[in-house]
Amino acid sequence: MLVPEAELAFEGAGVKPEEDPLYALSPAQELALEELLAGKSQTEAADAAGVSRETVNRWFNRHPAFIAAYRQRRHVRATAAGEAAANLD
């Protein structure tokens with residue numbers, strides 16, 4: 001499930017984002033992304049992914065697929081956390 005902005009970007013294109021090679025992340029990017037989503041710093045994410053902090057910073061600020069994946073996964077996790085909290089009541 002994409003956030004609304006991402007859905008609009010693909011509307012009418014006939015391509016599912018997860019099937020678009022432009023949105024594929026490398027294994028290092030996937031690892032860095034998961035580290036960042038877990039609350040780690042860019043330096044820690046870079047160490048885990050085997051790249052420099054500058055590389056992670058560039059992905060985070062200028063790589064469209066990395067940015068989209070980060071926003072999407074953060075949205076999904078926040079939504080899931082909100083639903084879990086609502087179920088506690």
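The chain is numbered in sequence order, starting from 1. Values reported hereafter were calculated over all heavy atoms of this structure, with side chains retained and with hydrogens, waters and symmetry mates removed.
Atoms CZ and CG, from Arg74 and Leu33 in turn, are 11.0 Å apart once rounded to the nearest 0.5 Å. The CD atom of Glu35 lies 12.5 Å from the CD atom of Gln42; values are rounded to the nearest 0.5 Å.
Side-chain contact between Ile67 and Arg71 is present, with at least one heavy-atom pair separated by less than 4.5 Å. Two residues are said to be in side-chain contact when any heavy atoms from C-beta on lie closer than 4.5 Å; Leu25 and Trp59 fail this criterion. Side-chain contact between Phe66 and Leu36 is present, with heavy atoms from C-beta onward closer than 4.5 Å.
Side chain of Asn57 to backbone of Arg53: no donor-acceptor contact under 3.5 angstrom is found.
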Going through the checks in order, is the salt bridge (charged side-chain N to carboxylate O under 4.0 Å, His left out) test met by Glu54 and Arg62?
CA-CA 11 Å; Glu54 291 81 6; Arg62 292 189 250 157; over 6 Å; no
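Across Ala32 and Val56, no two heavy atoms sit closer than the pair CB-CG2, 4.2 Å. In plain terms, the two heavy atoms of Ala49 and Leu31 that are nearest each other are CA-CD2, 3.8 Å.
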